[in-house]
Structure formats: structure tokens, C-alpha cells
Amino acid sequence: MPGKRTDETPALDILVAGAGYVGLAVAVSIRQARPNLSVAVVDAAPSGAWERDGRASAIAAAACRMLGQLGCWDEIAEKAQPITDMIVTDSRTSDPVRPVFLTFGGDAGTGEPFAHMISNKVLNGSLRRRAAELGIDIIEGVAVAGFETGAGKALVHLADGVTLRTRLLVAADGVKSKLRDMAGIKTVHWDYGQSGIVCTVAHERPHGGRAEEHFLPAGPFAILPLPPGDDGGNRSSIVWTERTADAERLIASDELLFETELELRFGLKLGEIRVEGKPRAWPLGLTLARDFVKPRFALAGDAAHGIHPIAGQGLNLGFKDAAALAETVVDADRLGQDIGALDVLERYQQWRRFDTVQMGITTDVLNRLFSNDFAPLRAVRDIGLGLVDRMPRLKDYFIRQASGLTGGTPRLLAGEAI
């Protein structure tokens, strides 16, 4: 923990608020490319809290390339589960058979899986290890109490009374970002009246790397393959969307009732199932920041955008932010420009805003289209899914989009150094 800093003491170049994947990726990306820049991370969560995160995330191929460039992927890959294929169904929980309307191969067209499932603890731990190797301070258990910006600097006041001086403050503190509010940045927001339930399920038979997304009337129900557990058993991650009142009831119910409801949706294709750990739920909504930047200040990850998990792209959007912001800052520093100046940061905003709004609108439309039981609409969407399934080029396009390997991506996401 650094001592108290004042306006006369040596300053940081970049201070990142938030030690999640996006915040750490920003810090590591910049420091690795420009060792001359001093970088630190501050996080309100207690020390070691990240080690208790039992969830897993779907990481697109482009983000895996970025992690490779950052020196993290070899370590992560040993504990990652490639998604080898994916199926999509549209049905009710009471339907005896769920016809498959759409199938995807797992290859992104480049000889690599379009996504991997990775334990959050493994991902965070690898980024923290790399940050330590690069000499990045991670200050844990201390929130940012406030900040003000001025000519050439931002003064960041921590809750323990320490004040840090930095040329650029990056807020990666989540969808309910307090720093975003401190900066006076407004958001577009609405709730879906849904909550996402997340849990890990052990099952008898192997999943074969297959991911499944079942569109049910209350919302999508995703089964995502996980690597074997410590005991070598078969496991999958569940991302289950329900109306908020029903989700709260399910989370509060006893284990037998929860597993019974889960089995109605999961099915018996993988044999007997058992929930590992305590299921969690969080409310779902769409949140888009009206601005991504202010002088000396930039938003990244969920602090800039929170979207529905229906397409599994929330974290991958955050990695795009990290790669784009790092490239913007690094290029500006190489040219001798002020990395915290608004005209420099506007390049990052222009790069990321359209993609973010587009993905937010896409997930919003998909959720509204599929989270209902209106018979005529069901017929139309099922015909549409069936048509897509018969068009290999269109399916390849969707896979490329999901993998993040499309044109105009930051260099890190293409597997190139910045």
C-alpha cells in the first residue's frame, strides 16, 4: 500500500479503479507495452475476495488471443474448456421434446474454438500474476471516495484518507459504477423484470464440450460446459433467466425444490444432476453510459455498458474496451501526446461507442423476441432459426461475430502486440 501522496510527490500515469478482469487487462496491457508508464489498480473488494468467486465465464477467441499476448493464456488454457459445438432450441418447460432449430460448430474458421469456458478465479489469478510481474500495485480493500480533475492531473481521494495523483483515471468498477456517478456521466437504463440465476451443476455423463441455449418463455436457459472438477467429475455452468419474482422464490427455496425446477429445464440427457454450491441471482437490465470519457477519465467494461447475457458477450465487450483503451493510450504516449487529454480519449470513445450500442440493442431485441410464449411469434422465430441453420455462410458469419474475430478490432484482439 503506497503512502499518502500529495500534489508535490511523484504521480501515477494511470490509476485503474476496479480489479476485475477488465480493469486488470487495461493495466497489464498498458504497462506491458509501455514500461515507462506507472500504473496502479485500486479495488474496494477485500483482499482475496476474488478467490471465492465460484463462477465461470465464456471467453471468445479474440479475447483468448489477447490473453496470449499478455502472457496469460498458456497458464489459463490448461484449465479451460473449449466449446466444441452449440445448439439452440425454442420450447416450453412442459414440452416432452425440444427440437433443435439451430446448430453451430465450435470452430471460429481459424482452427481455434470460437470460445472457451474459464473459471473466474483462474482468469483473475492469471491477470494478477502478470500484473505483479510488471510491477503494478494492486491496492485492495479501499474504495475511491472522490476525485477532481485539473490541468494535467486528477487527484483521487481514497476512503482511507490517501490521495493519489494520476494523469488518467480509468473506472472499471462495474455496472453500478460509483465513479461514473462522481464524474456526472448519465446513463440510459431500463430493467427487464428478469433475473439471471447462476450455478454450477455436476452430472453423470460427459458434456463433450457442447453448449446449449434453450429459449424458454421466461427467458434463455444456457448450459455451458466446464472442465472437470477437482474430483474429475463432469460439470456444467448454468445461466438461467427467470422473471425476477420467480428467481427470488427459487433462490430462497430448499435444495430439492430448486433441483427439481432445474431438472425440468436441464433434462436428463447427461444423467443425474446435482447443484454445487449456492445458486446466485442478479437483476437484468440494459445500461449504456451516455459518455465513455471526460477529461482525465475513462469508463471501461460494465461501468460503460451492461447488457443482457442472452448472447454471452458482456465480458467480451469489456475485453474489447480494455484492448481499445490500451491501444489508444499507448499510441498517444508514443507520439508524445497527453494520455489523459480529452481529444486523445475521444478516439477511444469513437472506437467503442457504436459497437457497444449495437450489441446492447441486439441483445435487447433478442430478449424481447424470445422471452415470451406468443404462438404466432414463436412460429415465425422458429422458421427463422431453421432457415439460418440451412445457410452455412450465414452461420459462419455469426460464429465469427461471436468469436470477436471481425474487422476493425484492436490489435491485441487480433493476437498482435501494441
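Residue numbers run from 1 in the order of the sequence given. Atoms considered below: every heavy atom in the structure, side chains included; atoms not considered: hydrogens, waters and symmetry mates.
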Greater than 12 external heavy atoms within 6.0 Å of [X]'s [atom1]:
X    : atom1 : value
E78  : CD    : no
R280 : CZ    : no
K186 : NZ    : no
E272 : CD    : no

Pairwise side-chain contact, [X] with [Y], heavy-atom cut-off 4.5 Å (strictly under):
X    : Y    : value
V293 : L342 : yes
S371 : Q194 : yes
Q358 : I361 : no
I307 : M359 : yes

Partner set under salt bridge (Lys or Arg N to Asp or Glu O under 4.0 Å) for E259, not counting sequence neighbours |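 None.
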Flag the pair F147 / F297 as yes when their ring centroid distance falls below 6.0 Å, and as no otherwise.
->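 Here the rings of F297 and F147 have centres that are less than 6.0 Å from each other.
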Pairs touching residues 37-78 that satisfy ring pair (Phe, Tyr, Trp, His ring centres under 6.0 Å), sequence neighbours left out |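 Checked against ring pair (Phe, Tyr, Trp, His ring centres under 6.0 Å) - neighbours excluded - the pairs reaching residues 37-78 are W73-H116.
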Using only heavy-atom distances, determine whether the side chains of R235 and Q81 contain a donor-acceptor pair under 3.5 Å.
->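 No pair is found: no donor N or O on one side chain lies under 3.5 Å from an acceptor on the other.
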At what distance, to the nearest 0.5 angstrom, does CD of E204 lie from CZ of R274?
->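 Atom-to-atom, E204:CD and R274:CZ are 11.0 Å apart.
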So H308 and Y192, would you call those rings parallel, tilted or perpendicular, with 30° and 60° as cut-offs?
->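 Ring orientation of H308 relative to Y192: perpendicular.
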According to the interplanar angle, ranging from 0 to 90°, do the rings of F215 and F370 count as parallel (below 30°), tilted (30 to 60°) or perpendicular (above 60°)?
->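 Ring orientation, 0 to 90° scale: parallel.
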State plainly whether the residues [X] and [Y] are in salt-bridge range, i.e. N to O under 4.0 Å.
X    : Y    : value
K178 : D181 : no
R130 : E75  : no
D85  : R210 : yes

Taking V329 as the fixed residue, which of L168, I418, D13 is the one that meets the side chain to side chain contact (heavy atoms under 4.5 Å, CB included) rule?
->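 Between V329 and the candidates, side chain to side chain contact (heavy atoms under 4.5 Å, CB included) is satisfied uniquely by L168.
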